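Being a predicted model, the structure only gives us computed values, none of them experimental.
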Amino acid sequence: MERKVKKLNPYYLLLIFYFFGTQSVTANNQNLVIYTYDSFVAEWGPAPQIKEEFEKICKCTVEFIGFPNSLDIIGRLKLEGSSSKADIILGLDTNQIFELENSNIVQKHNIEAKKMHLPIEWSNENFLPYDWGHFSFIYNDEKIKTLPNSFKEFIENKNNNTIIIQDPRTSTPGLGLLLWIKSIYGEASIDKWKKLSKSIKTVTSGWSEAYGMFLDGQSDFVLSYSTSPAYHMIVEEKNNYKSLIFDEGHYLQVEVMAITKNTKNYELAKSFLTFMLEDEVQSIIPTTNWMFPVKKQSIPEGFLKLKLPEKVFLMSPEKVFKNKKNWINEWLVESDF
């Protein structure tokens, strides 16, 4: 699937070139290595356009290295240690950042993040957000006519609907669902998982497999994002895919980027993070990564039609880090997967 996004205008590029040039970050033959996830570097993802535009102004080579999911990025960084060639990590979310901060893998970005369009206040000296969305269940309204109004009704599933979710050990949406249920139900989560497991048709290792099975008609609902319907509306011109919005609220995902401790190109890496937050670069994100950008003026019209939750949840990175292993074990035991 190929998405076409408007190129950055030449005048804008000259301004950015001047800005970076005055900070001495445009030295020839520099190589900027960015670890991210596979869908970001796909031909229809944001990376090809971002690489092309940044290389015009940095006089450098940008190398995106993709991994099956963001959890694999952490594993690779720990395995490589001080020998890692990564300058930038892009694509983790807030549920994973404490582990990297605690492992001394990232460093301060020294960038003032202004006017962020986020449902929460942002303050982190090591990580910067570049997009966000809510976890949600997607359905086809041409097939599903009776809908639950709350997470409670969804779990009780009186209509005998089938659900596909992702594994929290290998998938960020899977982990997001685990934290979502824990945020609402706390100690009662065990009982909720027992009930919900009766509706779950299968658990996949990643999002792509799950969403593909759903589109093939193998389930009534799939765990995804509240922004997923935007793809169908904008690219396919279909309005039949919708997001369930629960009264209790939804768990938030904020995707972030950071500069590694081992980089030898700190100023160049910093300039790239700054570049990612520019309005015209942010305008690439919605229709390639299908998430909300962190700059409000970069939101396309199709995204403004999305139904969004009024209440959101987001645990602190430290709380997730300290409890994740126990909560996943609890999920494995109580859900019979």
Identify the two heavy atoms, one from V203 and one from Q166, that lie closest to each other, and give their separation to 0.1 Å. CG1-C, 3.7 Å

Would you find a donor on one side and an acceptor on the other, under 3.5 Å apart, between the side chain of T288 and the backbone of I284? yes

Quick check against the 3.5 Å criterion: does T227 have a side-chain atom that pairs as donor or acceptor with the backbone of G133? no

If you measure from OG1 on T146 to CG on N149, what distance do you get to the nearest 0.5 Å? 10.5 Å

What I'd like to find out is whether the side chain of I57 reaches to under 4.5 Å of the side chain of F275, using heavy atoms alone. yes

With T170 via side chain to side chain donor-acceptor pair (under 3.5 Å) - residues at least two apart: none

Let me confirm one number: the CG-CG distance from L244 to L223, rounded to the nearest 0.5 Å. 11.0 Å

Check: Y139 ring centre within less than 6.0 Å of Y241 ring centre: no

Hey, could you give me the CD1/CG distance between I299 and L306, rounded to the nearest 0.5 Å? 10.0 Å

Between V281 and E53, is any pair of side-chain heavy atoms under 4.5 Å apart? no

Check whether E248 reaches the backbone of F151 with its side chain - one donor and one acceptor, N or O, closer than 3.5 Å. yes

When rounded to the nearest 0.5 angstrom, what is the spacing between CD1 in I73 and OG1 in T36? 5.5 Å

Hydrophobic clusters join Ile, Leu, Val, Met, Phe, Trp and Tyr when side-chain heavy atoms are under 4.5 Å apart, directly or via other members; which others share one with L71? none

Output all residues satisfying side-chain contact (heavy atoms from CB on, under 4.5 Å) with P168, sequence neighbours left out; order by chain, then residue number. L175, L178, I328, W331

Is a side-chain N or O of D216 found less than 3.5 angstrom from the main chain of Q218, in a donor-acceptor match? no

With no hydrogens and no angle check, is any side-chain donor or acceptor of S219 less than 3.5 Å from a backbone partner on F214? no

Applying a strict under-4.5 Å side-chain criterion to I, L, V, M, F, W and Y, I'd like to know whether I50 and I65 cluster together. yes

Has K145 got more than 12 heavy atoms of other residues, nucleotides or ligands less than 6.0 Å from its NZ? yes

So do the side chains of K198 and N157 get within less than 4.5 Å of each other, counting heavy atoms only? no

Output the distance between atom NE2 (H117) and atom NZ (K295), rounded to the nearest 0.5 Å. 12.0 Å

Who passes side chain to side chain donor-acceptor pair (under 3.5 Å) against Y211, sequence neighbours left out? H232

According to side chain to side chain donor-acceptor pair (under 3.5 Å), who are the partners of E153, at least two apart in sequence or on a separate chain? none

If you compare all heavy atoms of N289 against all heavy atoms of E255, which two are closest, and at what distance to 0.1 Å? ND2-OE1, 3.3 Å

Keeping the roles fixed (side chain from S283, backbone from E280), state whether a donor-acceptor pair exists under 3.5 Å. yes

Can you find a pair of side-chain heavy atoms, one from C60 and one from L268, that are under 4.5 Å apart? yes

Do any pairs count as a side-chain hydrogen bond (donor to acceptor under 3.5 Å, both in side chains) and have a residue in residues 303-318, sequence neighbours left out, and if so which ones? E318-K322

Main-chain N/O of D72 paired with N69 side-chain donor or acceptor, under 3.5 Å: yes

Nearest non-hydrogen partners of S224 and W207, listed with the distance: OG-NE1, 2.8 Å

Per the ring pair (Phe, Tyr, Trp, His ring centres under 6.0 Å) rule, what does the pair list look like for residues 292-328, sequence neighbours excluded? F98-F321, W132-F292, F292-F303

Does the side chain of P293 reach to within under 4.5 Å of the side chain of D131, using non-hydrogen atoms? no

Is any side-chain heavy atom of T94 closer than 4.5 Å to one of L252? no

Please determine whether a side-chain nitrogen of the Lys or Arg among K85 and E63 lies less than 4.0 Å from a carboxylate oxygen of the Asp or Glu. no

Residues two or more places apart in sequence or in another chain: which of them pass salt bridge (Lys or Arg N to Asp or Glu O under 4.0 Å) with K152? E156

A269 backbone acceptor or donor facing N265 side chain under 3.5 Å: no

Are side-chain heavy atoms of D167 and S205 found at a separation under 4.5 Å? no

Could you check, using the six-membered ring where one of them is a Trp, whether Y231 and W290 have ring centers closer than 6.0 angstrom? yes

Relative to the ring of F246, is the ring of F154 parallel (under 30°), tilted (30 to 60°) or perpendicular (over 60°)? tilted

With a 4.5 Å limit on heavy-atom distance, are the side chains of Y35 and S84 in contact? yes

Partners meeting salt bridge (Lys or Arg N to Asp or Glu O under 4.0 Å) with D191 (sequence neighbours left out): K195

Intermediate values then yes/no, side chain to side chain contact (heavy atoms under 4.5 Å, CB included), W180 and H250: CA-CA 7 Å; W180 186 4; H250 287 239; 3.4 Å; yes

Strictly distance-based, threshold 3.5 Å: is any side-chain N or O of D38 a donor or acceptor partner for the main-chain N or O of F67? yes

To check you understand the geometry: which heavy-atom pair defines the closest contact between T287 and P300, and what is its length? CG2-CG, 4.4 Å

Main-chain N/O of T162 paired to D220 side chain as donor or acceptor, under 3.5 Å: yes

Any salt bridge linking K182 with E330? Criterion: basic side-chain nitrogen under 4.0 Å from a carboxylate oxygen. yes

Under the rule for salt bridge (Lys or Arg N to Asp or Glu O under 4.0 Å), what residues qualify as partners of K192, not counting sequence neighbours? none

So, taking the atom named CD1 in I89 and the one named CZ in F127, what distance separates them when rounded to the nearest 0.5 Å? 5.5 Å

Go through the side-chain N and O atoms of T172 and D93 and say whether any donor and acceptor fall under 3.5 Å apart. no

With sequence neighbours excluded, what pairs up with E125 under the salt bridge (Lys or Arg N to Asp or Glu O under 4.0 Å) test? K108

Of all heavy-atom pairs linking L273 and H109, the shortest is CD2-CB, 4.1 Å

For E121, check side-chain contact (heavy atoms from CB on, under 4.5 Å) against everything at least two apart and list the hits. none

Please report the closest heavy-atom contact between S271 and F54, naming both atoms and the distance. OG-CZ, 3.4 Å

Check N262, N31, T263 against D87 for a side chain to side chain donor-acceptor pair (under 3.5 Å) and give me the one that passes. T263

